[in-house]
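Bear in mind the structure is a predicted one, so any value in this text is a computation, not a measurement. When reading the values below, keep in mind they use all heavy atoms of this one structure, side chains included, and skip hydrogens, waters and symmetry mates. Both counts, for ligands and for their atoms, begin at 1 and track the order of listing.
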Amino acid sequence: MRATIIAGNWKLNCTLDEAERLARGVMDAALDAPHRQVVLFPPFTALERVGKVARLGPANLFVGGQDLYWAENGAYTGEVSAAQLVDCGCRHVLVGHSERRHLFGETDEATGKKVTAAVEAGLVAVVCVGETLAERQAGQTKAVVERQLTAALGSCKPERRAQIVIAYEPVWAIGTGETATKEQAQEVHAAIRAWMAGHCDADTANRVPILYGGSVNATNAAELLATRDVDGVLVGGASLDAATFARIITAGRLG
Ligand code: PEP
C-alpha cells in the first residue's frame with residue numbers, strides 16, 4: 001500500500017513568523033489524517049523554524065527544501081547542499097520544479113545530479129516532471145515526462161529507489177487555476193508507473209508515490225486523491241492558507 005502524501009510548496013513566501021503560524025495551523029489536520037504524510041516546503045530561511053514545529057508536532061508532519069545543489073560544499077554562492085538541508089531538519093527535497101526549469105534554466109542533467117546528491121544524503125527526493133501546454137498540444141506529454149524521468153533517475157542506485165517520489169505537474173496547470181482532469185492525471189500517472197516498471201523494477205513501480213500538482217485546491221483535491229494512480233498532491237498557492245491546506249490534508253477518504 002502506497003503512502004498518501006499531501007505536500008505544500010510555499011515558494012518565495014513567508015516571513016519566519018508567518019511560516020511558523022502556517023505550520024502550526026495545519027498540525028490539527030495532520031493529526032486528523034495520521035495515515036497521510038504532510039510535507040511542508042518553506043523557503044530556506046524558514047526551514048529551521050518550521051522544522052522545529054514539525055519535530056514537536058505529529059509524527060506524520062515533515063519539512064523539506066524547495067531545491068538543493070549537488071556539491072557537498074565549496075564556492076557555489078547562493079546554493080544549499082543536501083547535508084545542510086538534513087542539518088535543518090529536512091527529510092524531503094523538491095527537485096526539478098518547473099519554476100526551477102523554466103525560470104532559472106535548470107537542465108535535465110542538473111536534476112539528475114540533484115536527485116543523486118539528495119538520496120545519497122538520506123533525503124526523499126520529490127522529482128517534479130511535466131509538460132508545457134505547447135508540448136501537450138503537440139502530443140509530446142509522454143515523451144517529455146519520460147525524458148525528464150530518464151535524466152532525473154538515470155544515476156539513482158537501485159537501493160535508493162525507495163527514496164524517490166514523483167510529482168506530475170503539468171506546467172500549464174501550475175498557478176493558472178486550470179487543473180488537469182482526473183482522466184488526464186491518471187493517464188500520465190499510469191505512464192510514469194509503466195516507465196518505472198520498465199526502467200527500474202516492478203516493486204519500485206508499485207511502491208513509488210506519484211503526486212499530482214497544478215492548481216489543486218480544497219474543492220478538487222478529493223476527486224484527484226480518489227484517482228487510482230494519484231498517491232497525493234503537491235500544492236502551491238492553496239498551501240499558503242492554513243485553513244484551505246488543512247481541508248486538502250483531510251480531503252476525501254482518510255484511511
Ligand atoms: C506548484 O508550484 O508546485 C504548484 C502546484 O502550484 P499551484 O498549486 O499554485 O498550481
Have a look at ligand 1 and work out which part of Ile174, if any, has a heavy atom under 4.0 Å from it: side chain, backbone, both or neither.
-> both
Residue pair Ala30 / Asn60: nearest heavy atoms and the distance that separates them |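 Minimum heavy-atom contact is O-ND2, 2.8 Å.
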Closest approach of Thr179 to Leu224 (non-hydrogen atoms, all atoms of both residues) = CG2-CD1, 3.9 Å
Give the residue, atom name and distance (to 0.1 Å) of the protein heavy atom nearest [atom].
| atom | result |
| --- | --- |
| atom 9 (O) of ligand 1 | Gly237 N, 2.8 Å |
| atom 1 (C) of ligand 1 | His97 NE2, 3.2 Å |
| atom 5 (C) of ligand 1 | Glu169 OE2, 3.0 Å |
| atom 8 (O) of ligand 1 | Gly236 N, 2.8 Å |
| atom 2 (O) of ligand 1 | Lys11 NZ, 2.5 Å |

Sub-3.5 Å donor-acceptor pair from the side chain of Glu223 to the main-chain atoms of Asn220, do we have one?
-> no
Exam field: side chain Tyr76 to backbone Trp70, donor-acceptor pair closer than 3.5 Å | no
Partner residues of His92 under the ring pair (Phe, Tyr, Trp, His ring centres under 6.0 Å) criterion, sequence neighbours left out | Phe62
Within a distance under 4.0 Å of any heavy atom of [X], pick out the atoms of ligand 1 and give their elements.
| X | value |
| --- | --- |
| Ala173 | 10 (O) |
| Gly214 | 5 (C), 10 (O) |
| Gly175 | 7 (P), 9 (O), 10 (O) |

Give me the one residue out of Arg193, Arg36, Arg207 that meets salt bridge (Lys or Arg N to Asp or Glu O under 4.0 Å) with Asp231.
-> Arg193
Answer yes or no: is there an ion pair linking Glu20 with Arg49, defined by an N-O contact shorter than 4.0 Å?
->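 Yes.
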Does at least one non-hydrogen atom of Ala167 fall below 4.0 angstrom from an atom of ligand 1?
-> no
